[in-house]
Amino acid sequence: MSSSVTHSWTPSAARILAITGFWPRPRGAPLGAMALPAGATPALPAWPPKDPADVLDYVYDIAPALFGDEGDSIFQLSVTIAPTGTGALTLATSSANGQRAILWLGAGQSGTTYSVTLAIATVGGRSFQRTVLLPVISLSSEAAPGSVLLTDDGLPILDDNGDPIVVEG
């Protein structure tokens, strides 16, 4: 027997990313003190992998870019997903809650990493465009303990350090 439930939604902390590249610096610190080395390209941030059957909330927080003007908030949000095509990652809905963009994403082809580009404008007139990666892999089948997780193409799934992810026993 099913019954109605009261909905109380809070975004999962596992799927919240914050905008990067904005750090408050101490007075008198040289402008280049927090810069990347010459020729270095920052890595794109990534949300944790999702299964093609999942429809989950993903949050992008722009609060670090608004440091010192915490009253500013998201006014407009546009989302572009690549690659596209049959079975590709889909945007079910998007919204904003203050300084956080909230995306509900579903579907996607296993073994594909999608680029989710957010174009954000704030009430205060700021605008940002950032891309976040979202790998889609089949997570619904269990791997044997001690085995390396693989994509459908047979490639190992890597953690943030570039090491293969191994299923613990």
Side-chain angles (χ1 to χ4, degrees), residues 4-25 34 36 42-82 88-124 126-143 145 147-151 156-169:
S4 298
V5 296
T6 302
H7 180 70
S8 176
W9 178 79
T10 302
S12 168
R15 293 181 302 278
I16 297 176
L17 288 179
I19 194 168
T20 58
F22 295 91
W23 303 280
R25 63 184 176 86
M34 301 185 91
L36 289 170
L44 290 176
W47 280 303
K50 72 173 280 312
D51 188 271
D54 295 344
V55 177
L56 297 170
D57 54 314
Y58 294 85
V59 179
Y60 194 72
D61 189 345
I62 65 165
L66 305 179
F67 183 79
D69 189 6
E70 284 74 18
D72 201 359
S73 61
I74 296 173
F75 171 70
Q76 192 171 28
L77 171 65
S78 175
V79 179
T80 306
I81 299 171
L89 186 70
T90 59
L91 176 66
T93 187
S94 66
S95 61
N97 183 358
Q99 298 176 349
R100 289 180 166 186
I102 303 160
L103 312 177
W104 285 85
L105 300 170
Q109 293 288 330
S110 185
T112 304
T113 297
Y114 291 89
S115 297
V116 180
T117 302
L118 299 95
I120 298 171
T122 70
V123 173
R126 295 173 176 94
S127 61
F128 312 97
Q129 182 168 311
R130 295 293 189 276
T131 299
V132 179
L133 301 177
L134 180 56
V136 176
I137 57 173
S138 182
L139 300 169
S140 55
S141 58
E142 289 190 37
S147 64
V148 174
L149 290 178
L150 302 173
T151 66
I157 299 169
L158 307 177
D159 63 17
D160 292 337
N161 297 321
D163 299 319
I165 298 175
V166 177
V167 177
E168 299 292 324

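Computed from a prediction, not measured in an experiment: that's the story for all the values here. Reckoned from all heavy atoms, side chains included, excluding hydrogens, waters and symmetry mates.
- Pro45 meets the side-chain contact (heavy atoms from CB on, under 4.5 Å) test with Leu17, Val132; sequence neighbours excluded.
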Please determine whether side-chain contact (heavy atoms from CB on, under 4.5 Å) holds for the pair Arg126 and Asp69, giving the CA-CA distance in whole Å, both sets of side-chain angles, and the decisive distance to 0.1 Å.
CA-CA 11 Å; Arg126 295 173 176 94; Asp69 189 6; 3.0 Å; yes

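- Rounded to the nearest 0.5 Å, atoms CD1 (Ile120) and CZ (Phe128) are 7.5 Å apart.
- Between Gly124 and Asp72 the shortest heavy-atom distance is N-OD1, 2.7 Å.
- When all heavy atoms are compared, the tightest approach of Gln99 to Ala63 is OE1-CB, 3.0 Å.
- Of all heavy-atom pairs spanning Gly98 and Ser73, the tightest one is O-CB, 3.4 Å.
- In this structure, OG1 in Thr20 is found 9.0 Å from CG in Leu44, a value given to the nearest 0.5 Å.
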List the steps and the verdict of side-chain contact (heavy atoms from CB on, under 4.5 Å) for Tyr114 and Val136.
CA-CA 8 Å; Tyr114 291 89; Val136 176; 3.7 Å; yes

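- Note that CD of Gln129 is 9.0 Å distant from CG of Leu118, once rounded to the nearest 0.5 Å.
- Thr131 OG1 to Ile81 CD1: the interatomic distance, rounded to the nearest 0.5 Å, is 11.5 Å.
- Contact check for Arg15 versus Pro48: side-chain heavy atoms found under the 4.5 Å cut-off.
- Tyr58 is linked by a ring pair (Phe, Tyr, Trp, His ring centres under 6.0 Å) to Trp47, counting only residues two or more places apart in sequence or in another chain.
- Residues Phe75 and Val123 come closest through the heavy atom pair CB-N, 3.6 Å.
- A donor-acceptor pair under 3.5 Å is formed between the side chain of Thr90 and the backbone N or O of Gly106.
- With rounding to the nearest 0.5 angstrom, the CG atom of Asp51 is 5.0 Å from the OG atom of Ser138.
- Each salt bridge (Lys or Arg N to Asp or Glu O under 4.0 Å) pair with one or both residues in residues 99-119, not counting sequence neighbours, appears once here: Asp61-Arg100.
- Heavy-atom minimum distance, Ala107 versus Leu89: O-CD1, 3.8 Å.
- Pairing each heavy atom of Ser115 with each of Leu133, the nearest pair is OG-CD2, 3.7 Å.
- Rounding to the nearest 0.5 Å gives a distance of 10.5 Å between OG1 of Thr112 and CG of Leu134.
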